[in-house]
*Asks:* 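Before I ask anything, here is the structure I am working with.
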Amino acid sequence: MWYAAMWGAISGSAVFLGALAAMFLPVKQRIIGDIMAFGTGILIGAASYELLEDSLHNGGLKATAIGFTLGAVIFTLLNYFVSKKGANQRKRSNQQAKGAGLAIFIGTVMDAIPESIMVGASLLEKQSVSWLLVAAIFLSNIPEGLSSTVGLKNSGYKKSKIFLLWLSVLVIATISAWGGYFFLSNAPDYLLAGIAAFAGGGIIAMITSTMMPEAYEESGTVTGLIAALGLLVSLVMDHFS
């Protein structure tokens, strides 16, 4: 149980580390774009190999299709509402609109909760953490912490308040991973399959709407190559896990 919380904290800590980097280090936007592209490839692999494949195996095509579709639809709807408030560029490294700080924070939490739940749930089947899922979440959260901190600073937030916000995201990620393990420990296979597919659908919707545009904008034509390498790395990690 506490093992799940620990890995949830590790994967969620990337947002906090990204925020610290944005505060104290001159990080070039091209580097952020490259990290985003690589993380996109790994997340696609994690959604495919760790979530959808397991969901299909454990719950069948029907549960997988329903969960995946619901995850994509619900994430899209939630993303639409928070985007209207200024969180549409929470994973972007360029400057964001003033007054969008709370929406950026809500959007980041919205991304973190399902990811962390699946980190905890992954321990139920294999009794060991999914290294691929943790690595994918970690790499995607670093540029989010970088770019979201810029948006919060532009919204007039002080450093101390920004630190508290990202610290709370870390706590939420930890609790979500713990909850994913604790509350789903006796869940039937079809329910676990549906939840895994639900998370997979949300992740794919998040990638295409927030990460891919930023990666290409900052890294240009090499984005596809970097993302392909990320997908290859996820395949290798899945093979040896």
Side-chain angles (χ1 to χ4, degrees), residues 11-22 25-53 68 71-72 75-76 78-80 82-83 86-97 100 103-104 107-108 110-112 114-115 118 130-154 199-239:
S11 61
S13 67
V15 175
F16 189 72
L17 294 175
L20 290 176
L25 297 175
V27 183
K28 295 182 179 180
Q29 291 185 347
R30 176 61 183 269
I31 295 177
I32 298 175
D34 291 346
I35 296 173
M36 193 84 74
F38 192 77
T40 294
I42 289 190
L43 271 176
I44 292 173
S48 301
Y49 309 137
E50 289 293 329
L51 299 178
L52 296 180
E53 185 178 18
F68 183 80
F75 178 89
T76 300
L78 291 174
N79 192 45
Y80 172 78
V82 298
S83 295
N88 57 311
Q89 296 187 3
R90 62 187 176 276
K91 289 185 182 287
R92 288 180 171 266
S93 55
N94 53 6
Q95 292 194 351
Q96 303 171 35
I104 292 169
T108 303
M110 186 179 74
D111 296 338
E115 296 172 342
M118 290 316 304
S130 168
W131 295 99
L132 174 56
L133 195 59
V134 170
I137 295 170
F138 191 89
L139 283 174
S140 69
N141 282 343
I142 290 176
E144 180 161 5
L146 285 163
S147 56
S148 297
T149 298
V150 174
L152 291 170
K153 289 169 63 177
N154 290 342
I203 287 173
I204 294 298
M206 180 269 290
I207 290 170
T208 54
S209 61
T210 61
M211 292 181 69
M212 283 184 173
E214 161 70 359
Y216 185 80
E217 183 177 316
E218 300 299 344
S219 296
T221 55
V222 300
T223 300
L225 174 60
I226 297 173
L229 292 175
L231 181 57
L232 177 60
V233 169
S234 71
L235 177 62
V236 173
M237 292 179 67
D238 181 69
H239 177 74

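What you are looking at is a predicted structure, and each value in this text was computed from that prediction instead of being measured.
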*Asks:* Using the side-chain contact (heavy atoms from CB on, under 4.5 Å) criterion, which residues pair with Ala135? Sequence neighbours excluded.
*Replies:*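 For Ala135 the side-chain contact (heavy atoms from CB on, under 4.5 Å) partners, ignoring immediate neighbours, are Met237.
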
*Asks:* side-chain contact (heavy atoms from CB on, under 4.5 Å) between Leu17 and Phe138: does it pass, once the steps are laid out?
*Replies:* CA-CA 10 Å; Leu17 294 175; Phe138 191 89; 3.9 Å; yes

*Asks:* Side chains of Tyr80 and Thr76, heavy atoms from C-beta outward: is any pair under 4.5 Å?
*Replies:*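 No, every pair of side-chain atoms sits at 4.5 Å or beyond.
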
*Asks:* With rounding to the nearest 0.5 Å, note down the distance linking CZ in Phe38 to CD1 in Ile142.
*Replies:*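 Rounded to the nearest 0.5 Å, the CZ-CD1 separation comes out at 11.5 Å.
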
*Asks:* Not counting sequence neighbours, which residues clear side-chain contact (heavy atoms from CB on, under 4.5 Å) with Ile35? List them please.
*Replies:*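 If we apply the side-chain contact (heavy atoms from CB on, under 4.5 Å) test to Ile35, skipping adjacent residues, the hits are Ile31, Pro143.
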
*Asks:* Please list all pairs meeting salt bridge (charged side-chain N to carboxylate O under 4.0 Å, His left out) that have one or both residues in residues 34-46, counting only residues at least two apart or in different chains.
*Replies:*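 Sorted pair list: Arg30-Asp34.
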
*Asks:* Can you name the residues that form a side-chain contact (heavy atoms from CB on, under 4.5 Å) with Ala72, not counting sequence neighbours?
*Replies:*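 For Ala72 the side-chain contact (heavy atoms from CB on, under 4.5 Å) partners, ignoring immediate neighbours, are Ala205.
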
*Asks:* Work out which heavy atom in Ala14 is nearest to a heavy atom in Asn141; give both atom names and the distance.
*Replies:*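 Scanning both residues completely, I find the closest heavy atoms to be CB-CB, 3.6 Å.
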
*Asks:* Ser234 side chain to Leu231 main-chain N or O, any donor-acceptor pair under 3.5 Å?
*Replies:*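 Checking the backbone N and O of Leu231 against the side chain of Ser234, a donor-acceptor pair under 3.5 Å is found.
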
*Asks:* Please report, to 0.1 Å, the donor-acceptor pairs under 3.5 Å made by any side chain of residues 220-229, with sequence neighbours excluded.
*Replies:*
from   : atom 1 : to     : atom 2 : distance (Å)
Thr223 : OG1    : Ala215 : O      : 3.2
Thr223 : OG1    : Gly220 : O      : 2.7

*Asks:* Tell me every residue that passes side-chain contact (heavy atoms from CB on, under 4.5 Å) with Ile207, counting only those two or more places apart in sequence or in another chain.
*Replies:*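 Applying side-chain contact (heavy atoms from CB on, under 4.5 Å) to Ile207 gives Thr40, Leu43, Ile44, Ile203, Ile204, Met211, Met212.
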
